[in-house]
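Below: the structure, in C-alpha cells.
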Amino acid sequence: MKIPPVKGTRDFYPAEMAVRNYIIDGWKKVSIRNGFEEFDSPILEHLQMYTQKSGAEIVEQLFSFKDRGDRDLALIPEMTPSLARMVNQKINSLPKPIKWFSVPRLFRAERPQKGRLREFFQWNIDIIGTDSIAADAEIIFTTLDYLQYAGLSENDVVVKVSSRKLLAAFLKSLSIAENDLPGMYAMLDKKPKMPADTFAAVLNEKLSDKDRASKILAFMETDSLEKIKKSLGVNQKIDDAINELLEHHRLLNEMGVGRFYKFDPGIVRGLAYYTGIVFEVHAVGGELRAICGGGRYDNLLKDFGGPDIPAVGMGFGDCVLEILLREKGLLDKHIKKPELDYFVVSDKSFEENIFFDLVAKLRRNGFITDFSYKTDNLSKQLKTASEKNAKKCIIISKEYSDSKQIIVKDMATGEQQTIPIDKFMDGLINSK
RNA sequence: GUGAGUGUAGCUCAGUUGGAUAGAGCAUCGGAUUGUGGUUCCGAGGGUCGCGGGUUCGAAUCCCGUCUCUCACCCCA
C-alpha cells in the first residue's frame, strides 16, 4: 500500500534541499554578521504555552497530542513563546541586550494555500533588554541585509512601517476605549483585503459615527510621517509616537536602507502583543502575502511570567520567500549544481591496486572525488564524469602500467597532461 | 472549518460521440561508436487512468461519495 506524504508538508529531494540550504544558510550568515547568536528550542512545547495567552481557539490551529504521561503537548507553531520561556529561565545571568536568532521548523494545522504550508521554516531575530529605537532599526536593517544578500532591491521589496503606539494614541484621541482597541486593530488589519467603500461602510457601522469614521479613514490613507505630524500634532502621546517613528526612519536612512522605507498606517499586524513600531516587508506590485514582519513587543516576557523587559523581533518564513526568489530568477542564479573536483577513471589495464588508493588520497586531501562502479568501458566512465559535473578526470590506463604515469584531463577544455603518479601525489599534499 | 477548481508513467501533456493489449516528449536504465565525455542513433522498464461505489454488454471517458493538490475565505503567530 502506498502511503502518501502528509498534507501541507514537503519532501526535500536533493534539488529542493539545495534551495532550502541556500535560504537557511543565507539567514544564518546574515544573522551572524549583524551580531546575532544562534539558539534553538525543542520542537515540542506544553500546549498551555499557546492557550494561555491566545485562548482555546488556537488549539485548532496547531498540532497537539497527549503523551503517555497525559501531558498536553504541541508541535511549536512559532518561536517567540519558546524564546520568552528560555530567556525568562536565565534572565538574571544573561548579558543584556540579548541578540539571538533561530531558524526553527514550525507547524500550523491550517489548510495549505499559496505561501502557507503546515510545516515550514522561519527565521527569527530578536533583541531583548533594550528599548532603544536603534534596536528597532537594527531588526529592519538585518532583515534588509538578508533581502539584499538574496539579490532583491528597492524595486522588488518595500518595508511598510507603522506604530501601535501611534495607532493607539490616535484611536484614544477619538475616545475609543482601551478595551475596544484589539477589536479595532483586527478590523483595521483587514483593510487591504476589501474594496475602499466596503471598508468605509464597515467602519461606519462599527463606530456608528460618521465623523470619527472619516477621521480614521483619513488617518489610514496617510502615506507620510510629515503629513501625520501636520494633521495630528495635538496630543503629547501622538507626538511622542511620531517622533519615535521619525527617529527610527532617520536611523534607517543613516544605515543606508532608507530607500526601502514606506510609512503605512495600514500595517497593524494581527498579533495582540505588539506595543510599538511594527513592520512588514512586501513584494512590490505583487499579489503575495507579506514576506516577513515584526515589531516591538515590550510586554511579552512579563506575559510569560518573567520580568518587565522590552523586546523587539522579526519572523520570516521560507514559503513566500521561495516563491518570490523563484519569480525573480534568483534561485537559478545563486544555486550551483554540485561539482566534483576529480572523477577517477580506469580501464583496469594494469595489475597494481592503485585505483582506490588514489581515490582515497584525493578525498583525504579535501578534494570532492568520485568514480564509477563500472570499470569496463572508458567512454562510459567519462560520460558519467560529465553528468556528475566533474572539473577534472584522472585516467589510469596503459601509461600507468608502462611508466607509472596518469592522465589528468580538464573536462572544460578537454586538455590533458600525462604526469608521473608520484609527482601528482606530491603536488596534492603540497597544495594543502 | 467553508467554498471553487483539479487529478492519465518520475515530469509536461494526448487519448475521437463510452469500444478491443492507454500513447508522445522529457527523465531513468541498457546498447552502438572498442584509448576519451557533453551530440547523435537504437532499445527497454515504468500507469488497477487518485481511491471506492454506481449506470452500462462495455468506463480513463457518464453519475455519486471520498482523498489529494491548487486557489480563495476564516485565521495569521
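Nothing here was measured: the structure is a model prediction, and the numbers come from that model.
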For atom [atom1] of [X] and atom [atom2] of [N], their distance in whole Å:
| X | N | atom1 | atom2 | answer |
| --- | --- | --- | --- | --- |
| Tyr373(A) | rC29(B) | OH | C1' | 17 Å |
| Leu378(A) | rU33(B) | CG | P | 14 Å |
| Tyr273(A) | rC76(B) | OH | P | 12 Å |
| Tyr274(A) | rA77(B) | OH | C1' | 8 Å |
| Lys380(A) | rU28(B) | NZ | P | 14 Å |
| Asp410(A) | rG38(B) | CG | P | 16 Å |
| Ile406(A) | rU36(B) | CD1 | C1' | 16 Å |
| Asp189(A) | rC76(B) | CG | P | 8 Å |

Distance, [atom1] atom - from [M] to [N], rounded to whole angstrom:
| N | M | atom1 | result |
| --- | --- | --- | --- |
| rA32(B) | rG38(B) | P | 14 Å |
| rA4(B) | rU17(B) | C1' | 29 Å |
| rG15(B) | rU56(B) | P | 28 Å |
| rA77(B) | rU2(B) | P | 24 Å |
| rG46(B) | rG1(B) | C1' | 40 Å |
| rA60(B) | rU21(B) | C1' | 15 Å |
| rA44(B) | rG3(B) | C1' | 47 Å |
| rU33(B) | rG47(B) | P | 32 Å |

Looking across every strand, which nucleic acid part, if any, lies under 4.0 Å from [X] by heavy atom: base, sugar-phosphate, or nothing?
| X | result |
| --- | --- |
| Ile395(A) | base |
| Gln122(A) | nothing |
| Lys374(A) | sugar-phosphate |
| Glu399(A) | base |
| Ile407(A) | base |
| Gly414(A) | base |

Asp145(A) bridged to Arg33(A) by N-O distance under 4.0 Å: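 Salt bridge: yes.
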Quick one: sort the Tyr373(A) and Phe371(A) rings into parallel, tilted or perpendicular, breaks at 30° and 60°.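 If you compare the ring of Tyr373(A) with that of Phe371(A), the planes turn out perpendicular.
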Gap between atom NZ of Lys215(A) and atom CG of Leu217(A) - 0.5 Å precision: 13.0 Å
Suppose we screen for side chain to side chain donor-acceptor pair (under 3.5 Å). Which residues come up paired with Asp67(A), at least two apart in sequence or across chains?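 Asp67(A): side chain to side chain donor-acceptor pair (under 3.5 Å) contacts with Arg71(A).
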Pairs satisfying salt bridge (charged side-chain N to carboxylate O under 4.0 Å, His left out), at least one member in residues 307-318 of chain A, at least two apart: Arg10(A)-Asp318(A), Lys302(A)-Asp308(A)
For Arg108(A) and for Ser379(A), locate the closest nucleotide of RNA chain B by heavy-atom distance; then report the residue assigned to the nucleotide nearer the 5' terminus.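 The residue mapped nearer the 5' terminus is Ser379(A).
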Select one nucleotide: of rG30(B), rA77(B), rG37(B), the one nearest the side-chain heavy atoms of Ser386(A).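 Nearest listed nucleotide: rG37(B).
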Return the stems involving RNA chain B, sorted by first number, where pairs are Watson-Crick (N1-N3 with N6-O4 or O6-N4) or G-U wobble (N1-O2 and O6-N3), both under 3.5 Å, and runs are 3 or more long. B:1-5 with B:69-73, B:10-13 with B:23-26, B:28-32 with B:40-44, B:50-54 with B:62-66
Is it true that, when you exclude Glu37(A) itself, more than 12 heavy atoms of the residues, nucleotides or ligands shown sit nearer than 6.0 Å to its CD? no
Taking C-beta and beyond as the side chain, do Ile394(A) and Leu362(A) meet within less than 4.5 Å on heavy atoms?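 SC-SC contact between Ile394(A) and Leu362(A) confirmed.
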Closer than 4.0 Å, any side-chain N/O of Lys383(A) to the OP1 or OP2 of rU39(B)? no
Please tell me whether Trp27(A) and Phe121(A) form a close aromatic pair, meaning their ring centres lie under 6.0 Å apart.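 Centroid distance Trp27(A)-Phe121(A): not below 6.0 Å, so no.
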List the residues meeting ring-ring contact (aromatic ring centres under 6.0 Å, His included) with Phe263(A), not counting sequence neighbours, and say none if there are none.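 ring-ring contact (aromatic ring centres under 6.0 Å, His included) list for Phe263(A), sorted by chain: empty.
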Sequence neighbours excluded, every pair satisfying side chain to side chain donor-acceptor pair (under 3.5 Å) that has a member inside residues 377-392 of chain A: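 Sorted pair list: Asp341(A)-Lys391(A).
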Could a donor-acceptor pair under 3.5 angstrom be found where the side chain of Gln416(A) meets the base of rU36(B)?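 In this structure, the two groups form a donor-acceptor pair.
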Set out, line by line, the N/O atom pairs under 3.5 Å between protein and nucleotides 68-75 of chain B.
from	atom 1	to	atom 2	distance (Å)
rC69(B)	OP1	Gly8(A)	N	3.4
rC69(B)	OP2	Lys7(A)	NZ	3.4
rC71(B)	OP2	Lys114(A)	N	2.9
rC73(B)	OP1	Lys193(A)	NZ	3.4
rC74(B)	OP2	Lys193(A)	NZ	3.4
rC74(B)	N4	Gln113(A)	NE2	3.3
rC75(B)	OP2	Lys190(A)	NZ	3.4
rC75(B)	O2'	Gln61(A)	OE1	2.7
rC75(B)	O2'	Gln61(A)	NE2	3.4
rC75(B)	O2	Glu110(A)	OE2	3.1
rC75(B)	O2	Arg116(A)	NH2	2.6
rC75(B)	N3	Arg116(A)	NH1	2.9
rC75(B)	N4	Lys193(A)	NZ	3.1

Side-chain H-bond candidate by donor/acceptor type, Ser102(A) with Trp123(A), under 3.5 Å: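 The criterion, which ignores hydrogens and geometry beyond distance, is not satisfied for Trp123(A) and Ser102(A).
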